[in-house]
Protein chains: 2
Amino acid sequence: MRASDKAYATLREDIIEWRLAPGTVLAEVEQSERLGVSRTPVREALSRLSAEGLTTAAGGRGVVVTDISLEDIDEMFELRETLEGKAAALAAVRGERAVFEKLHADLLRAQELINDADPARHEYYALVGRLDEAIDAAISNSYLAQAMRSLRVHLVRVRRLAADDAPRLHAAAVEHAAIAEAIAAGNARLAEAATTMHLHRSLSHVKATHPHH
Amino acid sequence: MRASDKAYATLREDIIEWRLAPGTVLAEVEQSERLGVSRTPVREALSRLSAEGLTTAAGGRGVVVTDISLEDIDEMFELRETLEGKAAALAAVRGERAVFEKLHADLLRAQELINDADPARHEYYALVGRLDEAIDAAISNSYLAQAMRSLRVHLVRVRRLAADDAPRLHAAAVEHAAIAEAIAAGNARLAEAATTMHLHRSLSHVKATHPHH
DNA sequence: GACAAGGTCTATGTATACATAACTGCGGCT
DNA sequence: AGCCGCAGTTATGTATACATAGACCTTGTC
């Protein structure tokens, strides 16, 4: 593994997991010492992070971890609804029925994955991730897929902030299942509507959890 | 101006203007000699270009200029319709009426800008650029604006490929005027429809001009 | 004659030394 | 007392030397 990849992965993880708070200044020398690599790979990592929008170059004095305001969350979900709504509609038209029928069935059984044995809900999120990947593959549009990937980085940060509780996850699983079902049925408008509903409820949940910020 | 900015701007311009053909291998030493800077800024420039999608890291053997296939153009316009349609609708709701009324009037007079005195149509494209900027500002959604900016880079490359002729530009000016008018009127659905129409005709024109590729 | 294995070579990946510009603190001026 | 300006310091920006890994060519064998 390249040192720059390591630096990038570590910094990215630290930012997403909120171990590096917004506003934190990431100095090159400081980070190179912390990560045990030289300034060059750190520099490249910070470059990539800034391109993604996780950090911003604060003119001259290092790069700082970007903040996420309530307005940012609204804006992110506005774009998300546009992109994922379109993606769901396209997947309904172009996707393979069998793939989404299986995902539908798995998502209906996802309630069992949400238990106290796995507080981080790794398996549940992995399943949701498979739905995302299936949609990405089904739309066969690399530009749209890329736009959604860019956005997902920021959404993971929001998710960490929102502290999904079990009731919300149970409801979300049902909503995801509805999306998969609509895609499997080849019903584009229904798939888009199901996506809109899901995102609306997700946003409401986030806002209810964090009224301030 | 920083050397890395210079390297980035030069390389980006060369790629967009098709002076660097798709498939061209951009070796670091070679480019650093050509641009008169050291490898470090060239490296950073290539990094940024790859993040934008203008180049791709060809595992081990340098970065190569990405190609644009006919499928790519279809995909780009599919995303573009989604993004710009939404943006136009939002601008109709959130934008300032006066700004778009002025743009509407200017665009109706744009026919005069398309003459033999300016073969590159700088003034015309500047006016269209002002419409884009006005919409960007009106939507007040930095994530959506960022997604559109990312896409526009690639679209400029396609435009250079399509060799816009005077008749198409005259028609496009009218279509742009219709978008501005709908936004000024605060009619979101009409603005979205006008955008869809414009993009459909643009794509048809590009495909008619370049049936192969 | 073709395929595979090894070596060489050339590219990128990394580290570090040096240049330069901006921020900060201090001092003098108004 | 507040502000402007200068210098010191410390950060980033650049260049270059060195490490390393992958690609291509050569050579040997089947």
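All figures in this text were calculated on a predicted structure; none of them were measured in a lab. Order of the sequence lines fixes the chain letters, A, B, ..., with proteins taken first and strands second; residue numbering starts at 1 for each chain.
Contact detail for A/T195 and A/G85: the closest heavy-atom pair is CG2-N, 3.9 Å.
Rounded to a whole Å, the CD atom of B/E33 is 13 Å from the C1' atom of C/dA11. As rounded to whole Å, 17 Å separates atom C1' of D/dG13 from atom CG of B/L35. If you measure from atom CG of A/D5 to atom P of C/dT12, you get 16 Å, rounded to the nearest angstrom. When the P atom of D/dA11 is taken as reference, atom CD of A/E28 falls 11 Å away, rounded to whole Å. Between A/E30 atom CD and D/dT10 atom C1' there is a gap of 13 Å when expressed in whole angstrom units. As rounded to whole Å, 14 Å separates atom P of C/dG13 from atom CE of A/M1. At whole-Å resolution of the value, CZ in B/R2 and C1' in C/dA19 are 15 Å apart.
Remark: B/E30 CD is packed, more than 12 non-hydrogen atoms of other residues, nucleotides or ligands lying under 6.0 Å away.
Note on residues 131-140 of chain A: pairs passing side chain to side chain donor-acceptor pair (under 3.5 Å), not counting sequence neighbours, are A/D136-A/R152.
Contacts with DNA chain D (heavy atom under 4.0 Å) in residues 36-44 of chain A: A/R39, A/R43, listed by number.
The phosphate of D/dG13 has neither OP1 nor OP2 within less than 4.0 Å of any side-chain N or O from B/S4.
Here the side chains of B/V128 and B/R121 are not in contact, with every heavy-atom distance at 4.5 Å or above.
With salt bridges taken as basic N to acidic carboxylate O contacts below 4.0 Å, one links A/R97 and A/E101.
For the ring-ring contact (aromatic ring centres under 6.0 Å, His included) with B/H176, the lone residue among B/H170, B/H198, B/H104 that qualifies is B/H198.
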